[in-house]
Participant: 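I have a structure I would like to understand better, so I am pasting it below and will then ask my questions one at a time.
Being a predicted model, the structure only gives us computed values, none of them experimental. Numbering starts at 1 and runs along the sequence shown.
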Amino acid sequence: MRPNPILTLSLAALALIPTLARAADPLGPPLNAEQFDQRTVGRTITYSVFGQPYGSEQYKPGHKVIWAFTESECKEGDWYQDGQYICFDYGEYAPLQCWTFYDTAQGLLAQFKGDPSQEPLVSLSESQDPLVCQGPDVGV
């Protein structure tokens, strides 16, 4: 009995679907709140853009964070999940920031909501040390 060429082609096309799905989203699914919390709590992560330091964030229990742009004052905030995004609320210090986070072989990668063409943040280093904060009136 000869194989049916249409059936063989259909089975081959079905076998390609997982490969095509991975190619469409090479980073895999974004982290949800539980995964993000497990990946970050107790760590201070320094992020970069185009290989240059951008800022650091300390992740604390209870979805609490402390953020500082490089050589800037620290801002305390909270984070929560909104759909596929992890959103950061620093109160009056900054507008709401929502990101899609991926855990890659190179570290965390964060893509800003609403601008997929923007260069993502990539974790440059991780530490269990607290964030060293600049502040007003230091040394005064």
Side-chain angles (χ1 to χ4, degrees):
M1 179 172 187
R2 294 178 52 180
N4 181 329
I6 294 175
L7 180 58
T8 303
L9 179 59
S10 296
L11 291 174
L14 285 174
L16 284 176
I17 289 174
T19 303
L20 293 173
R22 281 193 304 274
D25 189 3
L27 298 173
L31 297 178
N32 63 31
E34 182 180 340
Q35 294 165 325
F36 182 75
D37 197 43
Q38 288 175 355
R39 176 66 178 80
T40 60
V41 75
R43 293 182 176 93
T44 297
I45 301 177
T46 299
Y47 293 95
S48 66
V49 175
F50 296 112
Q52 298 300 311
Y54 180 77
S56 298
E57 189 140 50
Q58 179 181 348
Y59 299 92
K60 302 170 99 176
H63 296 194
K64 303 289 184 192
V65 293
I66 301 173
W67 168 261
F69 288 104
T70 302
E71 299 185 26
S72 181
E73 291 181 31
C74 292
K75 309 294 185 220
E76 293 186 21
D78 301 285
W79 67 266
Y80 62 91
Q81 181 175 351
D82 182 13
Q84 71 176 4
Y85 300 101
I86 303 295
C87 297
F88 298 85
D89 183 356
Y90 302 100
E92 64 187 54
Y93 299 113
L96 187 66
Q97 303 280 314
C98 294
W99 304 81
T100 305
F101 280 87
Y102 301 92
D103 197 4
T104 72
Q106 293 75 34
L108 282 180
L109 182 141
Q111 186 65 55
F112 190 65
K113 179 182 180 180
D115 191 357
S117 65
Q118 180 179 352
E119 187 68 19
L121 296 181
V122 179
S123 59
L124 187 62
S125 66
E126 295 189 25
S127 169
Q128 292 185 347
D129 296 332
L131 185 60
V132 177
C133 293
Q134 304 289 327
D137 307 322
V138 173
V140 175

Participant: Between atom OG of Ser125 and atom CZ of Arg43, what is the distance when rounded to the nearest 0.5 Å?
Facilitator: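 Here the interatomic distance stands at 12.5 Å.
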Participant: Please give me the minimum heavy-atom distance between Ser127 and Asp129, naming the atom from each residue.
Facilitator: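 In this case the closest contact between Ser127 and Asp129 is OG-N, 2.8 Å.
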Participant: Just verifying a value: how many Å separate Tyr85 OH and Phe101 CZ, rounded to the nearest 0.5 Å?
Facilitator: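 The CZ atom of Phe101 is 12.5 Å from OH of Tyr85, to the nearest 0.5 Å.
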Participant: As an exercise, state the distance from CZ of Phe112 to CD of Gln97, rounded to the nearest 0.5 Å.
Facilitator: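 Here the interatomic distance stands at 4.5 Å.
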Participant: Spell out, as yes or no, whether a donor-acceptor pair under 3.5 Å connects the side chain of Gln35 to the backbone of Asn32.
Facilitator: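 Yes; at least one donor-acceptor contact below 3.5 Å.
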Participant: Given the rule that I, L, V, M, F, W and Y join up when any side-chain heavy atoms are under 4.5 Å apart, are Val49 and Leu109 in one cluster?
Facilitator: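 In one cluster with Val49: Leu109, no.
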Participant: Consider only side-chain heavy atoms of I, L, V, M, F, W and Y, link residues closer than 4.5 Å, and tell whether Tyr54 and Ile45 are in one cluster.
Facilitator: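 Tyr54 and Ile45: one cluster.
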Participant: If you define the side chain from C-beta out and look only at heavy atoms, does anything of Leu31 sit under 4.5 Å from Leu108?
Facilitator: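 They are in side-chain contact.
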Participant: Taking distance alone, no hydrogens or angles, what donor-acceptor pairs closer than 3.5 Å link side-chain atoms of residues 55-69 to residues at least two apart or in another chain?
Facilitator:
unit_1, atom_1, unit_2, atom_2, d
Ser56, OG, Thr46, OG1, 2.8
Glu57, OE1, Tyr59, OH, 3.4
Glu57, OE2, Tyr90, OH, 2.5
Gln58, OE1, Leu131, N, 3.0
Tyr59, OH, Tyr47, OH, 2.7
His63, ND1, Trp79, O, 3.4
Lys64, NZ, Asp78, OD1, 2.7

Participant: Same cluster or not: are Leu124 and Val132 linked, directly or through other Ile, Leu, Val, Met, Phe, Trp or Tyr residues, by side-chain heavy atoms under 4.5 angstrom apart?
Facilitator: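 No.
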Participant: Between Gln111 and Gln118, is there a donor-acceptor pair closer than 3.5 Å when you use the side chain of the first and the backbone of the second?
Facilitator: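 Between the backbone of Gln118 and the side chain of Gln111 there is a qualifying donor-acceptor contact (under 3.5 Å).
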Participant: Show the nearest heavy-atom pair for residues Tyr102 and Gly28, with the distance to one decimal.
Facilitator: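 Between these two residues, the closest heavy atoms are CE2-O, 3.1 Å.
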Participant: Find the distance between CD (Gln81) and CG (Asp37) and round it off to the nearest 0.5 Å.
Facilitator: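 It comes to 11.0 Å.
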Participant: Would you say Leu27 ends up clustered with Ile86 if hydrophobic residues are merged whenever their side chains have heavy atoms under 4.5 Å apart, either directly or through other cluster members?
Facilitator: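 No, it is not one cluster - the side chains of Ile86 and Leu27 are not joined through contacts under 4.5 Å.
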Participant: Any pair with a residue in residues 39-70 that passes disulfide (SG to SG under 2.5 Å), sequence neighbours left out, goes on the list, sorted by first then second residue, please.
Facilitator: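 For residues 39-70, and leaving out neighbouring residues, there are no disulfide (SG to SG under 2.5 Å) pairs at all.
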Participant: Show the nearest heavy-atom pair for residues Phe36 and Thr40, with the distance to one decimal.
Facilitator: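 So the minimum-distance heavy-atom pair works out to O-OG1, 2.7 Å.
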Participant: Taking all non-hydrogen atoms of both residues, which atom of Pro30 and which atom of Thr100 are closest, and how far apart?
Facilitator: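 So the minimum-distance heavy-atom pair works out to CB-CG2, 3.2 Å.
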Participant: Spell out, yes or no, whether Tyr80 and Tyr93 are grouped together once hydrophobic residues are joined by side-chain heavy atoms under 4.5 Å, including indirect joins.
Facilitator: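 Per the 4.5 Å side-chain linkage, Tyr80 and Tyr93 are not co-clustered.
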